[in-house]
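Here is the structure we will look at, set down as structure tokens.
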Amino acid sequence: MPNLTILRTYALKSSPTELPSSVLFQHTERSLTIFDAYPKAMFHFLVLPRVTPPFTVAELSNLKALFKSGRERAKSLIEMLGQDARQIQKMVEEEMVKRYGSKWDVWLGFHAVPSMEHLHLHVISSDLVSQALKNKKHYNSFHPKLGFFLHLNDVLSWFESDQSYYDMKTQLKKEEYEPLLKQDLVCWECDRPMKNIPTLKGHLKEKWEERMKKEKSRFDKKRKRAIDPEEAAGIEQPSSEPSNKRADTGDTL
DNA sequence: GTTCTAGAAC
DNA sequence: GTTCTAGAAC
């Protein structure tokens, strides 16, 4: 039987270091970061709030419950998670450069309707290349433009809006979000429709490899410029900016 | 959240 | 015949 409350048991630990190193990535006084057990991308972590006053475990059950516990408290807790998640993001980016020579986007966000108990903020790399990504629900739940994946910055912006907009956004009605998971498969990057999951997965892998290739050639050019500026810039060596600079800025004057 | 598998889709 | 999806799991 699957354990849908495992995250809660982690978050309740008074000594997170007891957790196996295959589970725990790092912790602070206020949060735990764990490796997602079934990563849906090359890098995928979950940042969980630890259960500390004034919050009860029930209030930290999910986003909806947290919003109900009070606007200001919800705001500070999500800001805290965001701070810790951005640290994780930095580490992921460093690891990307170390392993692959360049970095790519990392998304921070919540699922509008989570499957597992206890609030968790996803830190996931934008490749979505992973063996554990197996079906439409998996993919659509991380599609960055579909609406099911709630970007951290969007959630934070709700706290800056008026009460009626805040009330509307924080309802997180299942009936509104769950149908999104059944939408047709579309590449999040180029918007092309995808026939099925295997096709999509092949496409995502190609897209990532393409991006890596581009980054690599950019890096190589940069390195070449540093070594031999004249040759790298071509025969003519302009002494200042290219003459078409104004057109590029979009300025009309 | 996953695994398993019947039957639809190709 | 094989691949793929989607719903049940006692």
Side-chain angles (χ1 to χ4, degrees), chain A residues 1-13 16 19-27 31-51 57-67 78 81 85 88 92 106-144 146-152 155 172-188 192-207:
Chain A
M1 202 60 169
N3 190 350
L4 270 37
T5 58
I6 189 75
L7 301 182
R8 173 178 289 162
T9 68
Y10 295 158
L12 284 165
K13 288 254 183 231
L19 292 168
S21 59
S22 57
V23 171
L24 185 69
F25 178 61
Q26 69 161 47
H27 74 282
S31 76
L32 301 183
T33 300
I34 64 167
F35 295 95
D36 192 296
Y38 298 91
K40 303 306 189 298
M42 296 173 76
F43 298 90
H44 189 182
F45 296 88
L46 304 178
V47 184
L48 328 178
R50 296 178 67 181
V51 182
V57 71
E59 286 168 336
L60 297 174
S61 185
N62 53 52
L63 257 194
K64 199 170 166 175
L66 178 63
F67 288 135
I78 293 170
L81 279 185
I88 305 300
V92 167
V106 174
W107 298 326
L108 308 182
F110 301 94
H111 281 162
V113 183
S115 299
M116 299 187 80
E117 294 282 346
H118 203 76
L119 187 64
H120 48 286
L121 175 57
H122 293 270
V123 177
I124 184 169
S125 57
S126 61
D127 49 273
L128 301 183
V129 171
S130 164
Q131 230 194 334
L133 196 157
K134 294 180 175 176
N135 59 45
K136 183 184 273 189
K137 184 176 172 179
H138 290 157
Y139 176 71
N140 281 345
S141 72
F142 289 104
H143 189 302
L146 200 61
F148 188 90
F149 186 78
L150 306 175
H151 294 272
L152 173 66
V155 174
L172 297 175
K173 288 198 178 141
K174 269 190 188 176
E175 316 84 77
E176 278 176 32
Y177 287 96
E178 277 176 342
L180 296 172
L181 298 173
K182 306 203 178 215
Q183 299 239 41
D184 291 345
L185 297 170
V186 173
C187 172
W188 66 267
R192 284 201 195 98
M194 294 288 132
K195 192 167 59 79
N196 54 35
I197 284 288
T199 308
L200 170 72
K201 286 170 67 83
H203 179 81
L204 291 173
K205 188 133 186 278
E206 279 174 22
K207 285 277 173 186

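Chain naming here is simple, since letters A, B, ... match the order of the sequence lines and numbering starts at 1 in each. For clarity, every value in this text was computed on a predicted model and none was experimentally measured.
At the heavy-atom level, A/Lys195 lies nowhere under 4.0 Å from the strands shown. Within 4.0 Å of A/Pro198, counting heavy atoms only, lie sugar-phosphate atoms of the nucleic acid but no base atom. A/Ile6 comes within 4.0 angstrom of nothing in the nucleic acid, heavy atoms only.
Screening A/Val51, A/Leu60, A/Thr5, A/Leu7 for a side chain to side chain contact (heavy atoms under 4.5 Å, CB included) with A/Leu12, the sole residue that qualifies is A/Val51. For the ring-ring contact (aromatic ring centres under 6.0 Å, His included) with A/Trp107, the qualifying choice from A/Phe142, A/Trp188, A/Phe45 is A/Trp188, the only one to do so.
Taking atom NZ on A/Lys136 and atom P on C/dT5, their separation rounds to 8 Å, with Å as the unit. Across the protein-nucleic acid pair, A/His44 atom NE2 and B/dG1 atom P stand 10 Å apart, rounded to whole Å. Between the CD atom of A/Glu178 and the P atom of C/dA6 there is a distance of 15 Å, given to the nearest Å. A/Leu133 has its CG atom 11 Å from the P atom of B/dG1, to the nearest Å. The distance between atom CG of A/Asn135 and atom P of B/dT3, rounded to the nearest whole Å, is 11 Å. Note: NZ (A/Lys201) to P (C/dT5) measures 11 Å, nearest angstrom. The distance between atom OH of A/Tyr139 and atom C1' of B/dG1, rounded to the nearest whole Å, is 20 Å. Following rounding to the nearest Å, A/Leu200 (CG) and C/dT3 (P) show an atom-to-atom distance of 19 Å.
Checked against side chain to side chain contact (heavy atoms under 4.5 Å, CB included), A/Pro198 has the following partners two or more places apart in sequence or in another chain: A/Asn196. By the salt bridge (Lys or Arg N to Asp or Glu O under 4.0 Å) test, A/Lys174 pairs with no residue at all, sequence neighbours left out. Listed by chain and number, the residues in a ring pair (Phe, Tyr, Trp, His ring centres under 6.0 Å) with A/Phe148 are A/His111 (sequence neighbours excluded). Residues that satisfy the side chain to side chain contact (heavy atoms under 4.5 Å, CB included) test with A/Glu176, not counting sequence neighbours, are A/Lys173.
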Show me the side-chain donor-acceptor pairs of residues 122-136 of chain A shorter than 3.5 Å, one per line, residues at least two apart or across chains.
| from | atom 1 | to | atom 2 | distance (Å) |
| --- | --- | --- | --- | --- |
| A/His122 | ND1 | A/His44 | NE2 | 2.9 |
| A/Ser125 | OG | A/Phe43 | N | 3.0 |
| A/Ser125 | OG | A/Phe43 | O | 3.4 |
| A/Ser125 | OG | A/Asp127 | OD1 | 2.5 |
| A/Ser126 | OG | A/Asp105 | O | 3.1 |
| A/Ser126 | OG | A/Arg211 | NH1 | 3.4 |
| A/Asp127 | OD1 | A/Trp104 | NE1 | 2.8 |
| A/Asp127 | OD2 | A/Met42 | N | 2.9 |
| A/Asp127 | OD2 | A/Val129 | N | 2.9 |
| A/Ser130 | OG | A/Pro39 | O | 2.4 |
| A/Ser130 | OG | A/Ala132 | N | 3.0 |
| A/Asn135 | OD1 | A/Lys137 | N | 3.2 |
| A/Asn135 | OD1 | A/His138 | N | 2.9 |
| A/Asn135 | OD1 | A/His138 | ND1 | 3.4 |
| A/Lys136 | NZ | A/Lys182 | O | 3.3 |

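Residue A/Lys134 places none of its side-chain N or O atoms closer than 4.0 Å to OP1 or OP2 of C/dT5. A/His138 has a side-chain polar atom (N or O) that falls below the 4.0 Å cut-off from OP1 or OP2 of B/dT2.
When distances are taken from the side chain of A/His111 to each of C/dG7, C/dT5, B/dG1, the shortest belongs to B/dG1. Among the nucleotides B/dT2, C/dT5, B/dG1, the one closest to any side-chain atom of A/Leu4 is B/dG1.
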Which string of ( ) [ ] | and . matches DNA chain C, if you list each base 5' to 3' and count Watson-Crick or G-U pairs only when both distances are under 3.5 Å? |||||||||.
